[in-house]
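Below is one structure, written out as C-alpha cells, with a few remarks after it.
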Amino acid sequence: MHARLFLQRLSPSTSRETVLRSAQRDIESLSVKPPTPINTLHPRNRHQGRYDFPSLIRADAALGDFVRVNVQGELGIDFADLAAVKALNRALLQHSYGILGWDIPPQNLCPPIPGRADYVHYLADLLAASNRGVIPQTRTVQGLDIGTGANCIYPLIGHSEYGWGFVATDINAASLANAQAILDSNPKLAKHITLRLQDKATAIFKGVVFDADWFDLTLCNPPFHASLADASAGTQRKWHNLGKHAADPGLNFGGQDAELWCAGGEQAFIQRMIHESATFPTRAFWFSTLVSKSASLPGIYAALKHAHVQTHQTIAMRQGQKQSRLVAWTFLNPAQQAAWRKLRW
C-alpha cells in the first residue's frame, strides 16, 4: 500500500474499522493467484512476429514449394499440410540455429518450433533465478529430455541457444534412430547430445539416469490424451478449426501412440513423473514438465505436496491462441542449492 494513501485513510474523520476493512481488501488483492498467460513469446525467442518467408526460403529452398499468397495478400503455408509444416520447421531450424538435415517420419509428432523454444528460454530463466540472475551457460550444464521423440527438438534448441549438454530419452528405438540421423548431420551438436533408450514402458527416470549423472534441469512434453479415442477426437477438432474435413486425417497431424496418449492422460503421467523423481531427489536441480490442461494442475500440486518437494513453480506461457504452462519442482534445500551453484555454475 502506498504510504500517502495509508495516511489519508488515518484522517480524523475515518474510523478504525473502515481502515481495517480497506487494508484487508488490499491484502486480499495481493494474494497469490494462478499465473496469467502472457500474449507474446518469450523476449529471447527468435521467432517473434510473422514468419519471414523470403529469408526462410533462402535458408531452405524446399520450403518454397509450400508457400502461397493467402487471401490477405500475405505469404503463408497450409498448416493442415504435414509436409508443409515439416518444411517450415526444417527452414526455421536451419535459418535460426544452423541445424541441418532435420526431418522426421510422417508418423511422428511434428513440433511447433516457437513454442518449443519458449519452454527452453523459460527454463533458462528458472536457472538464472537460482544463480543470482545469471543464466548458466557453461559446458557442465546438463539437461535431461524425457521423451525426445524423433525430432530431438529440445536438445537441438537448448544447445544451440545456451551451449547446454543433453541426455535425450525415448521408449521408441525407431524414434531415437531418427534423432541420431539428425545428430549425424550436425556433428558439432552430436558430441553434446546423448541418446538413451528407455526399455521399461512404465518407467520415466529409472533405467536412463545413471549413477554418474547430474542434471541441472529436466524437461518433458508429456502425452496429452487419456486414450486413442481422445487423441482422434482432438485431431478432428483441429481439422474442423482449420476448416478442413477428412475421413482419416491421422493423429494430430503426425504422432505415435506414446507421443499422444497414455492411460490417465497428462495428469496421470506427470503424477507418476513426480513420484518417480522423488527417488532421484539430488540428481537434478530442477525437474519440469509442460502442462497443457489447467484442469490437471490440482492433481499435480497434490502430487508435489505428497512428494515433499522443497519448492515448485508454475510459469504461464502462450503461443498464439494456445495457452500452456510449465511446472517445475526441486527437492534441494537452500544449502544444497548453494553447493550445487558453486560446484556446477
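Each residue takes its place number in the sequence, starting with 1.
Cation-pi check for Arg196 over Phe210 is met; the charged atom lies under 6.0 angstrom from the ring centroid and within 45 degrees of its normal.
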Can you check salt bridge (charged side-chain N to carboxylate O under 4.0 Å, His left out) on Glu161 and Arg44, steps first, answer last? CA-CA 10 Å; Glu161 288 285 21; Arg44 291 194 301 276; over 6 Å; no

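The CD1 atom of Ile99 sits 11.0 Å away from atom OG of Ser185, with the distance rounded to the nearest 0.5 Å. To the nearest 0.5 Å, the span separating CG on Asn178 from CG on Asn151 amounts to 8.5 Å. With rounding to the nearest 0.5 Å, the separation of CG in Leu41 from CZ in Arg46 is 13.5 Å. Summarising the geometry, atom CG belonging to Leu63 is positioned 8.0 Å from atom CG belonging to Leu92; distances are rounded to the nearest 0.5 Å.
Side-chain N/O atoms of Asp52 and His95 include no donor and acceptor closer than 3.5 Å.
Using a 4.5 Å cut-off on side-chain heavy atoms (C-beta onward), Ser294 and Arg325 make contact. Contact check for Pro43 versus His121: no side-chain heavy atoms found under the 4.5 Å cut-off. Residues Ser277 and Phe331 have side chains in contact (heavy-atom distance under 4.5 Å, counting atoms from C-beta outward). Under the 4.5 Å side-chain criterion, counting only non-hydrogen atoms from C-beta, Phe66 is not in contact with Leu88. The closest side-chain heavy-atom distance from Phe205 to Phe287 is below 4.5 Å. Looking only at side-chain heavy atoms (C-beta outward), Leu127 and Ile135 stay at 4.5 Å or farther from each other. The shortest distance between side-chain heavy atoms of Phe53 and Ile77 falls below 4.5 Å. Contact annotation: the side chain of Ser296 never approaches that of Ile270 to less than 4.5 Å [non-hydrogen atoms, C-beta and beyond].
Using the six-membered ring where Trp is involved, Tyr154 and Tyr119 have ring planes that are perpendicular, over 60° apart on the 30 and 60° scheme. Under the 30°/60° scheme for interplanar angles, the aromatic rings of Phe166 and Trp164 are found to be tilted. Using bins of under 30°, 30° to 60° and over 60° for the plane-to-plane angle, the ring pair His192/His159 lands in the parallel bin. Using the six-membered ring where Trp is involved, Trp340 and Phe285 have ring planes that are perpendicular, over 60° apart on the 30 and 60° scheme.
Between the side chain of Gln271 and the backbone N or O of Glu266 there is no donor-acceptor pair closer than 3.5 Å. The closest donor-acceptor contact from the side chain of Arg341 to the backbone of Arg132 lies at 3.5 Å or more, if one exists at all.
Among the candidates Thr314, Ile300, Thr311, Leu304, the single residue satisfying the side chain to side chain contact (heavy atoms under 4.5 Å, CB included) test with Trp329 is Leu304. Each of Thr140, Asn131, Asp216 was evaluated against Trp345; a single residue qualifies, Asp216, per the side-chain hydrogen bond (donor to acceptor under 3.5 Å, both in side chains) test.
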